[in-house]
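Contents: one structure, followed by commentary.
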Amino acid sequence: MANGKGRDVTTVKTTGVCHKPGCVYRHDVKICLPCGVVCTTESTYTAHIRGRKHRFATKSGRRIFHCSLCSRNIPEHQWGEHTSSQRHIGKATKGGISPDIAPEEAALAAHERLCAVCDRIIPKNSWKAHVEGNGHRKMSAFVAFRAAFEDAERNKHGMIVSDEDGIDFGVINPARAETGMLTVLTVKNTIPSSKIQISELRLGSQSSSGRSFFSASAESSGIRYGQDLRIKISFKQQYLGRYEDRLEIVFEDLTLNKSFVIVRPVTATVGSKEDHDALKPVTPYQPKKRGSRDPETSVVAGPPPTATKVVRWVTKLPWAEIPKNISSILIEGDPPDETARNLQLTVLPPRINTDTYARYYQTLLWVEEFRMQHDLELYDITDAFLKKHGPFYHLEVPGLAENRPSVIVGDRILVKRHGWAKGYWFEGHVHFVHLREVGLMFDGSFPGHTNNMRYHVRFKLNRLPLRRQHEALSNAFAPSRLLFPKQRDIVPSKPGVTAELRDWIYNPLIAGNPEQLQAVASIVQLPAGHAPFIVFGPPGTGKTVTIVEAIRQLIRTNPSHRIVACAPSNSAADLIACRLSELGNIQLFRLYAPSRNRKKVPDELLPFTHMTPTEGADLFAIPPIAILRRFKVIVVTCVSAPVLHGVGLPRGHFTHVFIDEAGQATETESMASIKLLSNNNTNVILSGDPMQLGPIIRSPVARILKFELSYLERLMGLAWYKEQGWRGKTVVKLLKNFRSHPEILKFPNDHFYKGELRPCGNKKVIESYISWPHLPNKRFPVIFHAVSGEDQREASSPSFFNISEVTQVKRYVEALREDKCFKITDQEIGVITPYQAQCGRIRKSLSEWDEIKVGSVEEFQGQERRVIIISTVRSSKEYIEYDLRHTLGFVASPRRFNVAVTRAQALLIIVGDPSVISLDPLWRTFLNRLFNNKAWKGDPPTWDTKAKVKLSGGYDQDVVEGTMHDMNEFTKSVTKLTLGDLIPQLEDDDDDVAANDDRPWQETE
């Protein structure tokens, strides 16, 4: 059989005519190569080439648009995405024109080709590399698989199989699923005198994993005309989760000696129908896209809230707007690595030293600000309603309860009524924040309003914290001993632990801990103007207890000492203040921003604050400077510390600056606490753990430029901090873990802390769940519960949730709270999950136990619970490649993993899909340990847990290649059943395959 090739068509020479360029035709079977669709009759072929799918695949009638602003050709269907892109909008902004320009008709340029498979315009000189690349190969396999699967699902050759949309058992109660469920498919033969039989029933999963929870059997093999044949499909499984497979029914036409296949997807969900009904998405997920934003040419300012007028400033805060030369580089929208290189070549200094330090970090801060404002645009509301109550306008903000977006009193929100002129906005300051809505106040000229009027809403970035950081960075005080310490800045010998210190230790737990004692002794004996000192505190080792003791000893040994204790978050600062409360409110002051919600402040700290009465309510404020100077310890967040400088405290007033959880602060946040409050004699003490969570950086460009590297971690990279010979002089590593059971601690200890940590927890606490009835291994207080659920999202929220995991978490909470032998309170249980949507659904599910804390890893850093339950959420393979590069919760971050698994004291339970999280080498090693220690529940691992783990990774690519193999095998199998001996001939002809790859280009041209 010979093959012929033409410019627009590749044909197999058989009897018949090729009716459409791009289609191969053999006997009564036609294959549309651009689509991968098999047509078994003339009528189905004719219908196919006239259909939308064929026109889409061959680009029939598709136009190419030209963007005159960007000088680029764009496929018609991508025009909207292009005009709303950052790069396009940035060019329009620079040119002073609207980004909403009209497209121009264009043909592909002489140097361009359109890849129909990938739907991308490719330069001709890159064409060979493109079609040989992995991306094109994967997309080609997927397109062929999709076409083959769609064809296999169709009834054909007179055989009609019921349930054309597939078989779904629905949500099944676990007890019923364990005993087994049954449903029936019917097969009908509609062709008289035909001789057709079922030659095989097979399940797709059995060809790949070899395991299925479904089974199928037919009453007989032969199918007579006009009669129904029943196929019984059963499902049996005892564990929660969503289970999917495909039933392949292979038919044989005995008259024609020909086989063909009809496929039906099969799904079942084991779980709580009540949970699935209550927690399922109400609105289908639709990704929210940025629209083109008209410039804000005229903004009418609104009256700010009283909270912004409470503090009387002595110094003026600079505006520190992003310089145009930096914004022009960022606005181009180039790939992050290219943008980072452009900044390094044109803006950033070639090296960082005391002279260039401020310029370098101010640039990184502007890069981060640019991205923050860009991300905030996603929360714009196009159809908002305002409700007027007195002088205030109430605005409902979707996602406000989840801090998406985060809004505080004093923030600015712009509104514009539908129909107003472009660029004309009213600014409303936020005067109060409720659970779901905010209260705005506008200028008196705000036009008449009714509740049915619709408005556009824009959120504006609160730049106050950023401006404070810029103020600190631009300050002239930049001693090398703080920024780039040298050996000459360090004491020559390690300070000793004196008998006097032992006698005066306030916390008796420290007295028997050599590392904590050494840390306190070193801090107390540091000479003025020393290099920064670090308390390296791994999980549960008591670093906050240590610095609290050091602060109290500094005050005892020298009453003239003045200390400012900072932390990146209010919760961490509150913890320090609570532990220092024995100082009394004459010596201790807790400074809050006036916008701070009083309900979020611990009651025990209110006596340590200063309040100012206003018309609406008492607001947090700062006492007169004379009173402020009397306090021996002031506790404040890092970004609020410059307030002390702003109200008039002189430089050098503080002898010591402490920063707790310093690993979570950016370098610029740390400098906000240090540079404006220190002089040449001020000592800086940092406490934290570089192996736990670092700063949250939104900009990928800033991450490339190492903005994620905290001040603490940068210092610990220096030789005189990381080498053991300097312990006691510059750093003390705490080694006794007082939190966790040894089996909970062992894995993170070995992988993050070189096995140096020693478990020293209270045995009554850490062993309190040994022999718990639900433990698979009664001496091993860790459980991994395998759940293969379903990822879901709702409306425009990018956050995932997994109802099967919610149900499993709830079952464990019920087991914990109902056990009379192992008693526990709500406050001793914590649930950690990486997605806000999952947090919300778990909270809703656990409403009966409302004091159980449910939150992200960030919310749990520095905290502990007797029992921790982790829900990893992700189950869908389709997001694997994206997740491993970006945001697969714990999987993408060893530090996040470390924090999550080290919060538990007595019992750690992880609920997740092992087939997804095992793609990360760290997680796979951890799961291997749990399975090999018989700490596993649910379906067993699909990999060899005794095999050596590839630390370099690549398991995600293994899955992708495995999936591609399964798709290819299915495509070959289905096509071969239909086409007989045609496929081997095509597979052996490499030139033909290459020509097929080229075909869409030629048709488009």
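None of these values were measured; they are calculated from a predicted model. We count residues from 1, following the sequence as given.
Taking 4.5 Å as the limit, some side-chain heavy atom of D337 sits within range of a side-chain heavy atom of I704. Taking 4.5 Å as the limit, every side-chain heavy atom of I408 sits out of range of all side-chain heavy atoms of V430. No side-chain heavy atom of E368 sits under 4.5 Å from any side-chain heavy atom of Q469. The shortest side-chain heavy-atom distance between E661 and S569 does not fall under the 4.5 Å cut-off. A 4.5 Å side-chain heavy-atom check between F620 and M611 finds at least one atom pair inside the cut-off. Side-chain atoms of M453 and L386, non-hydrogen and from C-beta on, never get closer than 4.5 Å to each other. Side-chain atoms of T363 and L705, non-hydrogen and from C-beta on, never get closer than 4.5 Å to each other. The closest side-chain heavy-atom distance from V636 to V643 is not below 4.5 Å.
Within 6.0 Å of the CH2 atom in W319, the count of heavy atoms belonging to other residues, nucleotides or ligands does not exceed 12. More than 12 heavy atoms of other residues, nucleotides or ligands shown are found within 6.0 angstrom of CG on N325. The number of heavy-atom neighbours closer than 6.0 Å to CD1 of I696, taken from other residues, nucleotides and ligands shown, is 12 or below. More than 12 heavy atoms of other residues, nucleotides or ligands shown are found within 6.0 angstrom of CZ on R417.
With Y393 as the partner, the side-chain contact (heavy atoms from CB on, under 4.5 Å) test is satisfied by one option alone out of H449, E437, K387: H449.
From K388, atom NZ reaches atom CG of L440 across 12.5 Å, with rounding to the nearest 0.5 Å. For the atom pair CD of Q861 and CD1 of I832, the computed distance is 10.5 Å after rounding to the nearest 0.5 Å. Atom CZ of R454 is separated from atom CD1 of I381 by 12.5 Å, given to the nearest 0.5 angstrom. Separation of atoms OG (S595) and CG (N462) is listed at 8.0 Å; rounding is to 0.5 Å. Put simply, CD on E859 and OG on S571 are 8.5 Å apart, with the number rounded to the nearest 0.5 Å. Note that CD1 of I842 is 13.0 Å distant from OH of Y835, once rounded to the nearest 0.5 Å.
Here the side chain of E790 pairs no donor or acceptor atom with the backbone of I803 at under 3.5 angstrom. Without hydrogens or angle criteria, K844 side chain to L846 main chain gives no donor-acceptor distance under 3.5 Å. Side chain of S327 to backbone of I322: no donor-acceptor contact under 3.5 angstrom is found. Under a 3.5 Å cut-off, the side chain of R896 and the backbone N or O of V857 do not form any donor-acceptor pair. In terms of modelled atom types and a separation under 3.5 Å, the side chain of E338 and the main chain of P335 share no donor-acceptor contact. Judged by distance alone, the side chain of E805 and the main-chain N or O of V873 form a donor-acceptor pair under 3.5 Å. For the pair S804 (side chain) and G789 (backbone), a donor-acceptor distance under 3.5 Å is absent. Remark: side-chain polar atoms of R242 are not paired, donor with acceptor, to backbone N or O of T269 under 3.5 angstrom.
Under a cutoff of 6.0 Å and an axis angle of 45°, R841 and F801 form a cation-pi pair.
Remark: P391 engages M441 in a side-chain contact (heavy atoms from CB on, under 4.5 Å) (not counting sequence neighbours). With sequence neighbours excluded, the residues satisfying salt bridge (charged side-chain N to carboxylate O under 4.0 Å, His left out) with E296 are R458, K460. The side chain to side chain donor-acceptor pair (under 3.5 Å) test applied to H88 returns H82, not counting sequence neighbours. Every residue two or more places apart in sequence or in another chain was checked for a salt bridge (charged side-chain N to carboxylate O under 4.0 Å, His left out) with E471, and none qualifies. Taking R312 as the reference, nothing meets the side-chain contact (heavy atoms from CB on, under 4.5 Å) condition, with sequence neighbours excluded. With sequence neighbours excluded, the residues satisfying side-chain contact (heavy atoms from CB on, under 4.5 Å) with P305 are T308, V409, H429, H431. For D574, the side chain to side chain donor-acceptor pair (under 3.5 Å) partners are R590, Y592, not counting sequence neighbours. For S845, there are no side chain to side chain donor-acceptor pair (under 3.5 Å) partners two or more places apart in sequence or in a different chain. Legend: residues meeting side-chain contact (heavy atoms from CB on, under 4.5 Å) with D826, ordered by chain and number and at least two apart, are R817, W849, E851, I852. Taking E369 as the reference, R463 meet the salt bridge (charged side-chain N to carboxylate O under 4.0 Å, His left out) condition, with sequence neighbours excluded. Under the side chain to side chain donor-acceptor pair (under 3.5 Å) criterion, N342 pairs with no residue, sequence neighbours left out.
Residues H418 and T382 share a closest heavy-atom pair of NE2-O, 2.7 Å. Minimum heavy-atom separation, D411 to V407: OD2-CA, 3.5 Å. Taking both residues in full, the closest heavy atoms of P398 and E396 are given as CD-O, 3.6 Å, listed atom of the first, atom of the second, then distance. The shortest heavy-atom contact between I331 and S328 is CG2-O, 3.5 Å. Closest approach of A702 to I697, counting heavy atoms only: CB-CG2, 3.8 Å. Contact detail for P303 and D443: the closest heavy-atom pair is CD-N, 3.9 Å.
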Where do F442 and V415 land on the side chain to side chain contact (heavy atoms under 4.5 Å, CB included) test, with the steps shown first?
CA-CA 10 Å; F442 299 106; V415 302; 3.4 Å; yes

Steps toward side chain to side chain contact (heavy atoms under 4.5 Å, CB included) verdict (I101, C67):
CA-CA 8 Å; I101 65 172; C67 177; 3.9 Å; yes

Would Q838 and N802 count as a side chain to side chain contact (heavy atoms under 4.5 Å, CB included) here? Give the steps.
CA-CA 7 Å; Q838 185 79 342; N802 187 320; 4.2 Å; yes

Side chain to side chain contact (heavy atoms under 4.5 Å, CB included), that's the test. Do D618 and R598 meet it? Break it down for me.
CA-CA 9 Å; D618 290 351; R598 185 170 176 172; 4.2 Å; yes

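Ring geometry for F446 versus W420: interplanar angle over 60°, hence perpendicular rather than tilted (30 to 60°).
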Scan the side chains in residues 273-284 for donor-acceptor partners under 3.5 Å anywhere in the protein, sequence neighbours excluded, and list what turns up.
unit_1: K273; atom_1: NZ; unit_2: D277; atom_2: OD2; d: 3.0
unit_1: D275; atom_1: OD2; unit_2: T807; atom_2: OG1; d: 2.8

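Taking 4.0 Å as the cut-off between side-chain N and carboxylate O, R874 and D913 do not count as a salt-bridged pair.
Side-chain contact annotation: W366 with H470, donor-acceptor N/O pair under 3.5 Å present.
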